[in-house]
Amino acid sequence: MSFDIIKLLPDSVANQIAAGEVIQRPASVVKELMENALDAGATQIDLYVKDAGRTMICVIDNGCGMSETDARLCFERHATSKIKKAEDLFSIRTMGFRGEALASIAAVAQVELMTRRKEDEFGTKILIEGSVVKEQLPKPMSVGTNFTVKNLFFNIPARRNFLKSNEVEMRHITDEFFRVAMMNPEVGFSLINNDKEVYHLPKGNLKQRIVGLCGKDYDKKILHVQQETETASINGFIVKPEFLRKTRGEQYFFVNKRFIKHAYLHHAIENAYQELIPKDCFPGYFINIEIDPKEIDINIHPTKTEVNFQDVKLVYAILHSAVRKSIGQNNLAPLLDFDVNPNMGIDFGEASRMDRPIIEPKIEYNPDFNPFKVNPQPRVSSGNWRIMYEDSNDTIASNINKISNFDEAPTISNVDNKNLYIQLQQTYIITTVKSGLLVVDQHLAHKRVLYEKYLKEMENNVEASQQELFPQHITLSANDASLLREIKNDLEKIGFRIQQMNNVTFVINGTPADSKSNDAVSLLEKILDMYKTNLVDLKLDKKLNLANSLASQLAIKSGQTLNAIEMQDLIDRLFACAVSEVSPDGKRIYTILNVNELKTRLS
């Protein structure tokens, strides 16, 4: 006897499954509600958050509001006012259009909606809990919409347990706030976290909005970028090369004011900065690309942060040209001037413009000179090249090794007549062991040593710090400042001394003893950048991540010369580690070339 096993899911279950794609964390709710407020034509949007969105998220706007029927219908799946037929997907100008967001939110939270249109005498209040309507009644209120989400994931404990700390979740909320507020400067925004106002952004222009979000010092740090073409229009700002950081901070791409991520277009900007910034610096930008919606497809990802362009190479060229033009117009890159009058000659500076009398050249000759009687100098062969420097002063003699190409040869040292240590290409340490030759990567070896050292210091609160002679100030983005506050206690356990001045500014009074001559600000920026990368790529525990990030920055680099004592000390410390075979990121630290293998190769 057979039974049918395929059945339609109940709406409540289907909505929870859909919510898993659309609502991943509190920041997802913030994004959807703020974008809906923009679509409603709001000129003021206020975001209230409690406990990083776990307890409450409230978005209040002064937009067009909804009728009683629309207020109820908006919570149904795929209910939308944005599209009527499939072709409309390719002419989308609004932020939301699928009709999934509100149904997904209502499926996993307790929701209160209050909304009123201008033409209505009363508004509508609706209470929904887990997709079930609990209450609907008239409500006196001002024009607009108040959307309150309480106890997110109350009916999915497993999802709620997977949320990160309040600091982490609040960073994600701030990210979404930035992305929505950045390219809508004609709309006022505010963010209130736990009854404390974090951002108050009045209406203004794009530059004022960037300064309001990123800090007052950005007023002098950014350059305007603008390019109009038939295909696309580029508008926004880039960070001047001299103010670029060693962290991937301010990198914002928008298409028709919608935030996107696009590695190929990022390369266009990176390439435009070529030869202007060091390799370890990253370009900063706030750029919006206005393009015909028919030329793009944004319906390829639930979060709509990925976009397909019909002609991405053309957009790349336009963007690269716009950024390069902005840099050139501000005299930050050398430009060739083809309009110079060729008759003007060459200007050799002030000395060439001084009034000096013209003096005829003096011609002297030696009547006794015989061109057929020349005493040639003895030829210097490669074997006796030092003869050339026998009568030279000490300075020239000291530079002989630099002039000759002898620095490529390995350095052989002898320590207490026991072991020979060779530093090969200033990257590998070679020494003898019973079975043959030990080859050690000096950077990876030191990274492992420091990694285990920092882990022990964080566990045992044993710290070694060096005080900064002149304390240094560092100003971070809101998210990086939040990240620094999160790991500040652990940083101090390994030697940092950091004092918070305000929400985004800190003073570095001390650094770990191992940091030596490293610039404190640059070191902290690199640690934060690597810490963020490890969070995304490796998903490391906080302490493991921090130890790994700091060890990576302070470990001996390839190209650094070591003497015999330093090489021996590093090898001894490596084999005293709990794990000596691999670095913290899993790379092999050393290999052994055994005698039999060498015999085979030489036979």
> Does the side-chain contact (heavy atoms from CB on, under 4.5 Å) test come out yes or no for Leu191 and Met170, once each step is laid out?
Replying inline: CA-CA 11 Å; Leu191 169 58; Met170 194 61 208; 4.2 Å; yes
> Taking it one step at a time, do Thr148 and Met56 satisfy side-chain contact (heavy atoms from CB on, under 4.5 Å)?
Replying inline: CA-CA 7 Å; Thr148 305; Met56 186 199 73; 3.8 Å; yes
> Hey, mind stepping through Val111 and Leu102 against side-chain contact (heavy atoms from CB on, under 4.5 Å) and telling me if it holds?
Replying inline: CA-CA 9 Å; Val111 175; Leu102 298 186; over 6 Å; no
>> Applying side chain to side chain donor-acceptor pair (under 3.5 Å) to Arg160 and Asn151, what does each step give before you reach the verdict?
In response: CA-CA 9 Å; Arg160 191 175 177 90; Asn151 300 320; 4.9 Å; no
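There is no side-chain donor-acceptor pair under 3.5 Å between Arg209 and Asn184. Donor-acceptor pairing under 3.5 Å is recorded for the side chains of Thr43 and Asn62. In this model, a donor atom of one side chain and an acceptor atom of the other lie less than 3.5 Å apart for Ser233 and Glu228. Judged purely by distance below 3.5 Å, without hydrogens or angles, the side chains of Gln44 and Asp46 pair a donor atom with an acceptor atom.
No option in Phe253, Tyr285, Phe309 other than Phe309 meets the ring pair (Phe, Tyr, Trp, His ring centres under 6.0 Å) test with His262.
Taking 4.0 Å as the cut-off between side-chain N and carboxylate O, Arg171 and Asp175 do not count as a salt-bridged pair. Remark: Arg25 engages Glu169 in a salt bridge, criterion side-chain N to carboxylate O under 4.0 Å. Lys526 has no carboxylate O lying under 4.0 Å from a charged side-chain N of Asp529, or vice versa, which leaves the two without a salt bridge. A salt bridge does not link Glu68 with Arg72: every distance from a Lys NZ or Arg NE/NH1/NH2 to an Asp or Glu carboxylate oxygen is 4.0 Å or more.
Taking the six-membered ring wherever Trp is involved, the centroid distance between the rings of Phe286 and Tyr252 falls below 6.0 Å. Aromatic ring centres of Phe178 and Tyr199: separated by under 6.0 Å. Note: Phe189 and His200 fail the aromatic proximity criterion, with ring centroids not under 6.0 Å apart.
Scanning all heavy atoms of the two residues, the minimum distance from Ser326 to Ile238 falls at OG-CD1, 4.1 Å. Heavy-atom minimum distance, Met66 versus Thr115: N-OG1, 2.8 Å.
Within the cation-pi definition used here (under 6.0 Å to the ring centroid, within 45° of the axis), Lys257 does not qualify as a partner of Phe254. Cation-pi geometry between Arg179 and Phe259 is satisfied (NZ or CZ under 6.0 Å from the ring centre, within 45° of the ring normal).
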